[in-house]
Number of protein chains: 2
Amino acid sequence: MGTKVDLNPVLEELDGTSSLEDLERIAIAIRNKLEIDHIIYHWVDGAGDQYGCTTYSGAWEERYRERNYHRIDPVIIGCFQRFHPVDWKTLDWSGKVSKAFLQDALLHGVGNQGYSIPIRGPNGQFALFTVNHSCDDETWQEFTKTYGRDLILIAHFFNRKALEFESGRQPEQSRMLSPRELDAMTLLALGYSRAQVAHSLSISEHTLRVYIESARFKLGALNTTHAIATAMSRGLIVV
Amino acid sequence: MGTKVDLNPVLEELDGTSSLEDLERIAIAIRNKLEIDHIIYHWVDGAGDQYGCTTYSGAWEERYRERNYHRIDPVIIGCFQRFHPVDWKTLDWSGKVSKAFLQDALLHGVGNQGYSIPIRGPNGQFALFTVNHSCDDETWQEFTKTYGRDLILIAHFFNRKALEFESGRQPEQSRMLSPRELDAMTLLALGYSRAQVAHSLSISEHTLRVYIESARFKLGALNTTHAIATAMSRGLIVV
DNA sequence: TTTCCACTCCCCAAAAACAGCGAGGCGGGT
DNA sequence: ACCCGCCTCGCTGTTTTTGGGGAGTGGAAA
């Protein structure tokens, strides 16, 4: 962690990577180059991790998944609402569960310092790229200041590759809702009742219902609320 | 556009910027440094542009807004579904409206070459950073290859600043839903009916209703769907 | 200690959503 | 020319959700 390491070769390599194993190998290479404890890229999802590549211990990974820590992890909660990279120190660690979680993490080999970069892709995809280390605050600040921009780029490339590799599982094309359907979804998400939406769009409520139904069908949603949630998480509508 | 220009000073300056005018000034500076025709950062929204800073002619900007081009612009449509930066050549310009739009753009001083970087922030925010020029394909490919990474970083910083400036409108405190309420919201967002949610949480449906009501109240939502949408856009629940 | 808040349960009538059946016009692409 | 998707409107009936009430526990904070 002394003088600044040139990470351009890593980016070159990342750019040409075409397999998941390569990605993990590169992650470890970066960790070693930067002389830090851990480096984590993981793709977050409501249900749990979809994909990730981490240098944490297997025990911690498993525990994290088992206990559904992604729902209370202050790093995820915090990053989800921000755009900038986030130093773990600036997060909200008050609260009983947060403290317990932190304790548990430290016990499982997670370093006390962390720097996480939120990354977002199409369809509401959300991922985190994190570097983690054990050291004092000053050293860490120096580190993040030095490598901040490189880390943004690395995060970007990691996510690019992850999306490439995982693109097979979502053949669902977005942008498949018609303009009227999008209007309907948007207004519903804003809290209007069907009658109000119909009035807003100057159409009959019956017509509106057709839109909602077809949108629900297209999105594979079970009910209106689900359709709204799906549309939002796919980034089709913005509220 | 000859030898590569060092853009680090620009990034430094961007980082310290604290006003909108600075941002526009920097945009022009970058354009001049790179010796290209145009540079555009704009924030896209369901309704229209919320904020932007461009070097296009005022006439084109106005025409774009007036005609609601953001709903048919192949650059926006295309970038919205991707993560990588996009060269305009790789977009789908077939289709009658697309061609007409392109014609119109060229007539208003837009260059034939473009390179757009999609950027996404919290709450479904979506922005585009674009560089535009008039030249042949080879020159352009050279340019994008040379400056690709710098452009990603610049795009990132532009968006960071834009979010900072525009953040005033959402000072709402989050994280005020109780665990049970979050559970309820999450399951509802996944499409379960109240009966199913109640069963999942092993509580009576009546109790569940209390949660939904109190969550709705806390979020200031008009109905359940609105509550889900609000909770999602605040990042309280992830689906 | 008292006061708050989260959690649990209950009733009821009205509104909304769901699920199914129709119809016709308009525009674009094969 | 045709088909397909989008937009618009109509009807009926069942199921679910909603928005008001009220009431009691336990734990945590003030």
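We use all heavy atoms of the structure for the numbers below, so side chains are in, but hydrogens, waters and symmetry mates are not.
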Whole angstrom value for the distance that separates P of D:dT18 from CD of A:Gln196: 15 Å
At 4.0 Å (heavy atoms only), tell me whether A:Leu222 reaches a base, stays on the sugar-phosphate, or touches nothing. nothing
When rounded to whole Å, the CD to P distance for the pair B:Glu213 and D:dG21 reads 10 Å
Whole-Å distance separating the CD atom of A:Glu205 from the P atom of D:dT12: 15 Å
Between C:dC9, D:dC9, D:dC6, which nucleotide has the shortest distance from any of its atoms to the side chain of B:Ser204? C:dC9
What is the distance from NE2 of B:His226 to C1' of C:dA17, rounded to the nearest Å? 18 Å
Check whether any side-chain N or O of A:Gln113 sits under 3.5 Å from a backbone N or O of A:Ser134 as a donor-acceptor pair, and report yes or no. no
Between C:dC7 (C1') and B:Lys218 (NZ): distance, integer Å: 11 Å
Under 4.0 Å, counting only non-hydrogen atoms across every strand here, what does B:Ser193 touch: a base, just sugar-phosphate, or nothing? sugar-phosphate
Taken to the nearest whole Å, NE2/A:His206 to C1'/D:dT12 is 11 Å
What's the verdict on side chain to side chain donor-acceptor pair (under 3.5 Å) for B:Asp104 and B:Tyr69, showing C-alpha distance, side-chain angles and the deciding distance? CA-CA 11 Å; B:Asp104 202 17; B:Tyr69 271 157; 2.7 Å; yes
Using a cut-off of less than 4.0 Å, is there contact between a side-chain N or O of A:Tyr211 and OP1 or OP2 of D:dT8? yes
Between CZ of A:Phe217 and P of C:dG20 the distance, given in whole Å, is 12 Å
Any chance the rings of B:Phe129 and B:Tyr41 have centres within less than 6.0 Å? no
Evaluate side chain to side chain donor-acceptor pair (under 3.5 Å) for A:Asp87 paired with A:Trp140, printing each intermediate quantity in order. CA-CA 9 Å; A:Asp87 192 299; A:Trp140 189 244; 3.3 Å; yes
Has the side chain of A:Arg194 got a donor or acceptor atom sitting under 3.5 Å from an opposite partner on the base of C:dA17? yes
Testing D:dG20, D:dC7, D:dT17 for proximity to the side chain of B:Thr224, the answer is D:dT17
Pairwise 5' ranking along DNA chain C for B:Leu201 and B:Thr225, keeping only the more 5' one: B:Leu201
Under 4.0 angstrom, heavy atoms only, what part of the nucleic acid is B:Thr207 near: base, sugar-phosphate, or nothing? base
Rounded to the nearest angstrom, tell me the gap between atom CD1 in B:Ile212 and atom P in D:dT16. 14 Å
According to a strict under-4.0 Å criterion, is B:Ser178 in side-chain N/O contact with OP1 or OP2 of C:dC5? no
Between A:Arg209 and A:Ile203, who's closer to the 5' end of DNA chain D by nearest nucleotide? A:Ile203
Would you confirm whether B:Trp93, through its side chain, and B:Trp88, through its main-chain N or O, come within 3.5 Å as a donor-acceptor pair? yes
